[in-house]
2 protein chains.
Amino acid sequence: MNSDLKQASSEKFRRLEAGCRASGLSLTHQRRALLHCLAQRSDHPTADQLYDELKSDVGGLSRTTVYRILDTFVRVGLVSKISSPQAKARFDADMGRHHHIVCEQCGKVADLFDSDFNLRGLPENNSSGFTVHNYEITFNGLCPLCQKIGKENES
Amino acid sequence: MNSDLKQASSEKFRRLEAGCRASGLSLTHQRRALLHCLAQRSDHPTADQLYDELKSDVGGLSRTTVYRILDTFVRVGLVSKISSPQAKARFDADMGRHHHIVCEQCGKVADLFDSDFNLRGLPENNSSGFTVHNYEITFNGLCPLCQKIGKENES
DNA sequence: ATTTCAGGTGGTACTTTATGTCAACTGGTT
DNA sequence: AACCAGTTGACATAAAGTACCACCTGAAAT
């Protein structure tokens, strides 16, 4: 079971690495390290969470670099910034169609894979004149932990 | 036309004021001023945008107060923080079901009133164990201005 | 294997966005 | 007009993100 997960995340890592190459980005230690984290985690970490996880492993890793690499990954479409009401960016390396649930209390974000909620189209001619490329559905509610305790945690 | 809008926003203001009273909040100058702004604007301002608009009108208004009042309004359900991939909170005083379109380039946020996109239910038993209370759909694309010019603006 | 250099990184400084604290003030009630 | 719980202003601080520039490195060419 655990080894299945390991398998799946290293498979995901290889795909991300390939995507990186395909976009003409050099595979630096720092980028590999970030791709590893992103492939393993499914909790949609913030830039600072990723930095905190990696700074001990990757000697001399700079916070600036983490922000910059994440920006690059988003720009080339390898990773996305997910929408939430929180005032910080969270990143997701799974570009397949899926949705997110945000805990109102502690801010945790979980995936929801359920194609029943997929939209069947996009708005074409809306009154605001925007062209629409894509969408995200953000559900909100309470995570299992916050359902039990009625008080605040940190994500 | 313009007076219709004025009419509509003052109507909205009165509803918000009533909601404030109903929640047992005192109607201070500062809260009224914020409700006014929120009733008039449909651009989903950030806390600092509201502060910048109000600080000249409301003598001695404090930035802290703006943040605190918005928090309170969200807590009592008078206003909502909308979901977007941007790392800052945007506020919306329209609590009716509608959707948002965010410009990928400049960050502007517009409303989309189109019930065709409303979901017909919420996820009940999802694998992550979250209870789900509500949802938001965030579309992304380009605003009319950014469609013309291919370069960056500030919202 | 060595050289080369465009692209990438580290470190520092800085801005923007948000929160914590507490004395002083005020809306609404008596 | 007096009271006081709730609210505010000012300041300090934290958290999140950006700008800048000298130096370094991945990977392509030789």
Side-chain angles (χ1 to χ4, degrees), chain A residues 17-18 20-35 44-76 78-79 81-82 84-91 106-107 109 152-155, chain B residues 17-18 20-35 44-76 78-79 81-82 84-91 106-107 109 152-155:
Chain A
E17 221 180 18
C20 214
R21 254 188 284 267
S23 300
L25 302 176
S26 10
L27 282 165
T28 62
H29 296 318
Q30 295 86 341
R31 284 181 181 154
R32 274 182 215 272
L34 270 174
L35 291 180
H44 314 87
T46 65
D48 280 320
Q49 286 172 338
L50 289 164
Y51 173 58
D52 288 340
E53 177 168 347
L54 289 172
K55 65 185 169 194
S56 50
D57 304 350
V58 183
L61 176 67
S62 161
R63 195 167 157 271
T64 305
T65 298
V66 173
Y67 275 84
R68 191 169 30 205
I69 290 179
L70 289 169
D71 233 45
T72 305
F73 286 170
V74 169
R75 185 167 41 73
V76 303
L78 217 53
V79 159
K81 267 189 194 177
I82 69 177
S84 91
Q86 297 171 206
K88 54 190 154 187
R90 290 183 172 275
F91 297 88
C106 74
V109 181
E152 75 281 27
N153 312 303
E154 286 305 319
S155 136
Chain B
E17 220 179 20
C20 213
R21 255 188 283 269
S23 301
L25 301 175
S26 9
L27 281 165
T28 62
H29 295 318
Q30 294 88 340
R31 284 183 182 153
R32 274 182 216 273
L34 270 173
L35 290 180
H44 315 88
T46 65
D48 280 322
Q49 286 173 338
L50 290 163
Y51 172 58
D52 288 341
E53 178 168 349
L54 290 172
K55 65 186 170 195
S56 51
D57 304 348
V58 182
L61 176 66
S62 160
R63 201 163 154 275
T64 306
T65 297
V66 173
Y67 276 84
R68 192 168 29 205
I69 289 179
L70 289 169
D71 231 46
T72 305
F73 286 171
V74 170
R75 186 167 41 74
V76 303
L78 218 53
V79 159
K81 267 188 193 176
I82 69 177
S84 93
Q86 297 171 209
K88 53 190 156 188
R90 288 183 173 277
F91 297 88
C106 73
V109 181
E152 74 280 25
N153 312 304
E154 288 304 321
S155 139

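To find a chain, count down the sequence lines: A is the first, B the second, and so on, and within it residues start at 1.
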Closer than 4.0 Å, any side-chain N/O of [X] to the OP1 or OP2 of [N]?
| X | N | result |
| --- | --- | --- |
| A:His29 | C:dT9 | no |
| B:Gln30 | C:dT26 | no |
| A:Ser26 | D:dT25 | no |
| B:Tyr67 | C:dT19 | no |

Starting the side chain at C-beta, find the nucleotide from [options] nearest to [X].
| X | options | result |
| --- | --- | --- |
| B:Arg31 | D:dT7, D:dG9, D:dG17 | D:dT7 |
| B:Asp71 | D:dT7, D:dG17, C:dT19 | C:dT19 |
| A:Lys88 | D:dT8, D:dA16, C:dA18 | D:dA16 |

To the closest 0.5 Å, what do you measure between [atom1] ([X]) and [atom2] ([Y])?
| X | Y | atom1 | atom2 | answer |
| --- | --- | --- | --- | --- |
| A:Thr72 | A:Leu34 | OG1 | CG | 10.0 Å |
| A:Leu61 | A:His29 | CG | NE2 | 12.0 Å |
| B:Leu25 | B:Phe73 | CG | CZ | 7.0 Å |
| A:Arg75 | A:Ser23 | CZ | OG | 9.0 Å |
| B:Thr65 | B:Asp71 | OG1 | CG | 12.0 Å |

Partner set under side chain to side chain contact (heavy atoms under 4.5 Å, CB included) for A:Phe91, not counting sequence neighbours: A:Leu38, A:Ala47, A:Leu70, A:Val74, A:Val79, A:Lys81, A:Ala89

First of B:Ala87 and B:Ile69 reached from the 5' end of DNA chain D, by closest nucleotide: B:Ile69

Toward the 5' end of DNA chain D, by each residue's nearest nucleotide, A:Leu25 or A:Asp48: A:Asp48

5' precedence on DNA chain C between A:Gly24 and A:Arg63 (nearest-nucleotide basis): A:Gly24

First encountered from the 5' end of DNA chain C, between A:Leu61 and B:Thr28: A:Leu61

Length of the line joining A:Arg21:CZ and C:dG7:P, which is rounded to integer Å: 18 Å

Inter-end axis angle, the helix from C:dA1-D:dT30 to C:dT30-D:dA1, with every axis fitted to five base pairs (rounded, 10 degrees): 30°

Results of side-chain hydrogen bond (donor to acceptor under 3.5 Å, both in side chains) for A:Arg32 - residues two or more places apart only: A:Glu17

Any residue meeting side-chain hydrogen bond (donor to acceptor under 3.5 Å, both in side chains) with B:Asp57, in chain and number order, not counting sequence neighbours: none

Could you pull out the closest heavy-atom pair between [X] and [Y], with the gap in Å?
| X | Y | answer |
| --- | --- | --- |
| B:Arg90 | B:Gln49 | NH1-OE1, 3.9 Å |
| A:Val109 | A:His44 | O-ND1, 3.2 Å |
| A:Cys20 | A:Arg31 | SG-CD, 4.5 Å |

Any N/O pairs under 3.5 Å between the protein and nucleotides 19-24 of chain D? List them or say none.
residue, atom, partner, partner atom, Å
D:dA19, N6, A:Thr64, OG1, 3.2

Side chain to side chain, B:Thr46 and B:Tyr51, heavy atoms closer than 4.5 Å: no

Sorted by number, the residues of residues 50-58 of chain A with heavy-atom contact under 4.0 Å to DNA chain D: none

